[in-house]
Amino acid sequence: MDKLIIRGGTPLQGEIRISGAKNAVLPILSGALLADSPVVISNVPHLNDVTTTMELLGRMGVNLVIDEKLNIEIDSNTIQSFRAPYELVKTMRASILVLGPLLARFGKADVSLPGGCAIGTRPVDLHIKGLQAMGANIVVEDGYIKASAKRLHGARIIMETVTVTGTENLLMAATLADGQTVIENAAREPEVTDLVNFLIKMGANINGVGTDTLVIEGKEKLDGTRYRVLPDRIETGTYLVAGAITAGHVKLKDTDAKLLDSVLQKLRDAGADITTGEDWIELNMHGRRPQAVDVKTAPYPAFPTDMQAQFTALNAIANGAGSVTETVFENRFMHVQEMQRMGARVRVEGRTAYSQGIPRLTGAQVMATDLRASASLILAGLAADGETIVDRIYHIDRGYEAIEEKLRQLGASIQRKPN
Ligand code: EPZ
């Protein structure tokens, strides 16, 4: 397994481009299964999770054509199999997103249960309950969700918990169901909104975009279209924290400040001087060490759980005492013990990580456990004296396109070492 070797202590300076959003492109690629004619998706980030999704669709017989800019043309008319096998689903939980589209368009789906992951049990009970409310016959056996439906019908679904992919699966299923579906307590993440906009471009009838109540009038069919995926707000936030944690000055292009208001507010509270434009964000610490902040994660538009680990790293070297409270997942603090090995004065009590910031961490050999924890350890390494070796970085390659190239462009000393 590859490692990343980081020599810390350099304030990051410079400009980089932000890639398309991982958590938008994954549902949109699955949503392409709903269209009667080819779909072309652009601004696709080059990530392992995208490759896995393309492999999954390819194995079903879906025809995929990729051009040199990584625009992907998807034609699902050649589909032969409606199965998402365990060996793919276990590497990427978001494979569950083919369930709704397969059921809605083809009336059958055989999708492996994703199982848990490092950050939590990650159940999919609300996906299943919602599809059953829409008339799907679903049996869970041998580790697979075996689903069928002559034709789904509309239903009024009140989500017990705000779930991003749960909302996305039911939304996609509803676009071809017979009648009206209302999804209440729907997730409002920008990636859900991007999926809604994509589905509307294919001819879906959806109202309530951006709100917690989505009203979908089912159609007989959806047509192919061309769609550009929105920028990745979590990649954006991660590089902004890279600038803040090293007391640097960075400019991020091809992004959208409106996607991460809550993160920008916390960075300003930490002392960052932030300016924004149509498609860029600039952060300047003026060489100052950040101030510690208090953060509490919750569904959008509140502070995103996917930025929690990055702020735990920021607090570790910030001035003063800070806290990070995780309310979405039950086990998303594994990066803390790794940071403690770098000298961080942080302790977890219940759902909160309490930090007493110190001026510099000390480089160490650390291990990544999940995507955002990996990112937080790289950030800690950028702010540490000496060398940090981050192991198991296959996690990072799932969600950050060309991370070492982008960080090197900002002046970081980082290289990848195959094991
Ligand atoms: C999406 O995961 C994202 N992944 C996650 O990003 C993100 O952390 C998460 O939303 C929260 O924002 C993708 O979009 C591909 P949830 P998802 O369903 O949809 C409970 C990253 O780092 N729940 O919104 O799987 C669940 O246990 C990844 O990019 C149920 O109880 O998360 C959790 O406590 C990590 N039953 C809460 O809802 C269900 O059927 C929110 O989970 C579904 C979810």
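Numbers here simply count residues along the sequence, with the first being 1. For ligands, and for the atoms within them, numbers begin at 1 and follow the listed sequence. Computed from a prediction, not measured in an experiment: that's the story for all the values here.
Note that OG1 of Thr175 is 4.5 Å distant from CG of Leu34, once rounded to the nearest 0.5 Å.
Considering backbone and side-chain N/O atoms, Glu189 never comes within less than 3.5 Å of an N/O atom of ligand 1. Where the criterion is an N or O separation shorter than 3.5 Å, residue side chain and backbone included, Phe329 fails it with respect to ligand 1. Taking any N or O of Val164, backbone or side chain, at least one lies under 3.5 Å from an N or O belonging to ligand 1.
Taking a 4.0 Å cut-off on heavy atoms, Met92 fails to register as neighbouring ligand 1. Ligand 1 lies less than 4.0 angstrom from a heavy atom belonging to Val162. Distances shorter than 4.0 angstrom occur between a heavy atom of Pro123 and an atom of ligand 1.
When heavy-atom distances to ligand 1 are checked against a 4.0 Å cut-off, Arg332 comes that close only through its side chain, counted from C-beta outward. Contacts of Thr163 with ligand 1, taken as heavy-atom pairs under 4.0 Å, involve both backbone and side chain.
Taking every non-hydrogen atom of Thr161 and a distance limit under 4.0 Å, the qualifying atoms of ligand 1 come out as 38 (O). Contact atoms of ligand 1 toward Arg122: 2 (O), 17 (P), 25 (O) (distance under 4.0 Å to a heavy atom of the residue).
Across Asp232, Thr297, Asp306, heavy-atom proximity to atom 21 (C) of ligand 1 is greatest for Asp306.
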